[in-house]
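Only heavy atoms go into these numbers, but all of them, side chains included; no hydrogens, no water, no symmetry mates.
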Number of protein chains: 2
Amino acid sequence: MSQKAPDKLRFAAMAVDVVLFAVVDGKLSVLLGEVNRPPYYTNIEAFIGGLIFANETAEMALERHIRSKAELKKAYTEQLYTFSEIERDPRNRVISISYLGLVRPDALKQELCEGLRWCEVKKLPKLAYDHDEMFKVAISRLKGKISYTNIAQYLLPKEFTLSELQAVYELILGKEVDKRNFRKKIIALDMVVETGEMQQGVKNRPAALYRFTSEKLTELPLLI
Amino acid sequence: MSQKAPDKLRFAAMAVDVVLFAVVDGKLSVLLGEVNRPPYYTNIEAFIGGLIFANETAEMALERHIRSKAELKKAYTEQLYTFSEIERDPRNRVISISYLGLVRPDALKQELCEGLRWCEVKKLPKLAYDHDEMFKVAISRLKGKISYTNIAQYLLPKEFTLSELQAVYELILGKEVDKRNFRKKIIALDMVVETGEMQQGVKNRPAALYRFTSEKLTELPLLI
DNA sequence: GCAAAAGTGTTAGGTATACACCCATGC
DNA sequence: GCATGGGTGTATACCTAACACTTTTGC
């Protein structure tokens, strides 16, 4: 079993922070929590996260914090970047390993804990610590990966219509795409496949339901 | 000034490790250092790196370790991934922030410190700690980025021939590319520009010298 | 003049883009 | 029957990939 290194080499606490994205009311949103740490940070928000304990890896701490703060069990997460600026938290030296997380709409039904809210990314306020920069890294990673992977699935229910899938692409890329060309490409790449089921209880022509052919993150030749 | 967090939250020492790539004798190589930490690691190598000190960011520690071990001042570096497995170093709990580094051939002239060597990527031995996995992350990042950025410049001298540039692409992608098509694309994208100078003292037709149009890492529409 | 690497265009096939109308359902 | 979103095909421009010979230099 590992021992502690000498005290003077253990100068920092370790934390994880996660930029959790979800589509809420048709808008790309991130989960924010209130921060109240006078005198440095009051009346300000930040991404959720918290310290890593001695018996945990970063991933274990990440899962613990996501579950405890938001009761979101099965979010997709991937590591983003580690922030180590000396004064990034003026109270203590804290090094933070940040993560990108994606939450499916099914998981949004649960109540959020006090002090948490989904905030549309277009209306993000100034955030505490270095979380403004963290957001930039996260949104840039998400924009990049949606174009050459099937990562969009983690923002959708397991079964979805092609219009819903297209809407996710348009939200993240921030531009409209042509419906016919989008469908041709998505299907030609075998990224999704029809389930055979149809939408129920809509007041217009019901759409065919699709699912992703792979539940794992997969790289594709090229996308959009 | 930041204070130390409570002792029980400071369970880990922080380290940086860097997978330094260079083209040595026409082969894609990485810099390895001997590891001798009985009883766990003897007669084994690993990437270079070392601890972060209390007054340093990860980037400062990275620069210090690169300079002291290899006297390579101006390597290009970017953060890769942070490894936090509890037993990754069986002696102490150490969390390591890994970096990808690229070294230009000009910088290779300097003597390496005792115990260091450039090892061809195709002949990599089994490495200490989790550095086998670290290598996979690094080579995968490098392969990805060479296709849509001008990152190849950091493995070349400031002035180079198009054949040398092509060789870097072939080494990293692990496949041959067509000379005419390669030149057309590179030039059409304005990635490089002729210096007006020619190669000197070669025993065949001298090639035109080129330089990159941007010294910064730049994303390009698409490449190869 | 010979060896060695530099340099240069064309064609065919495939991919990306732009674009407009009919269809199925609920009310 | 009307409002709503679902679903489909074609023509063009562009880009990609395949391919071989001439040129310049040192020896």
Nearest to side-chain heavy atoms of N204(B), which nucleotide of dT4(D), dT25(D), dT8(C): dT25(D)
Residue whose closest nucleotide on DNA chain C lies nearer the 5' end, R205(A) versus E164(B): E164(B)
Whole-Å gap separating C1' (dT17(C)) and CD (E176(A)): 16 Å
Integer-rounded Å distance: dG5(D) P and L165(A) CG: 18 Å
Separation of atom CZ in F160(A) from atom P in dG5(D), rounded to whole Å: 20 Å
Distance-only donor-acceptor test, K184(A) side-chain atoms vs dT10(D) base atoms, 3.5 Å: yes
Phosphate-side-chain proximity, S163(A) and dG5(D), N/O vs OP1/OP2 below 4.0 Å: no
Interatomic distance, K179(A) NZ vs dT8(D) P [rounded to whole Å]: 10 Å
Under 3.5 Å donor-acceptor pair, R180(B) side-chain atoms to dA17(D) base atoms: no
E159(A) atom CD: more than 12 heavy-atom contacts under 6.0 Å: yes
Shortest non-hydrogen separation from L100(B) to R141(B) and the atoms involved: CD2-CG, 3.9 Å
Whole angstrom value for the distance that separates P of dG6(D) from CD of Q199(A): 7 Å
Nearest-neighbour nucleotide for the K185(B) side chain, dT16(D), dA16(C), dT25(C) considered: dT16(D)
Aromatic plane relationship, H131(B) with F47(B) - under 30° parallel, 30 to 60° tilted, over 60° perpendicular: parallel
Spacing of Q166(A) atom CD relative to dG7(D) atom C1', expressed in whole Å: 12 Å
Length of the CZ-C1' vector between F182(A) and dG6(D), whole Å: 14 Å
Polar pair under 3.5 Å, donor/acceptor by atom type, side chain K203(A), base dG5(D): no
R64(A), M14(A), E63(A) screened by side chain to side chain contact (heavy atoms under 4.5 Å, CB included) with E56(A), the one that passes: R64(A)
Spacing of I187(A) atom CD1 relative to dG7(D) atom C1', expressed in whole Å: 10 Å
Minimum-distance pair of heavy atoms, taken over all atoms of L217(B) and Y154(B): N-OH, 3.1 Å
Upstream residue (5' side of DNA chain D) when D178(A) and N181(B) are each assigned their closest nucleotide: D178(A)
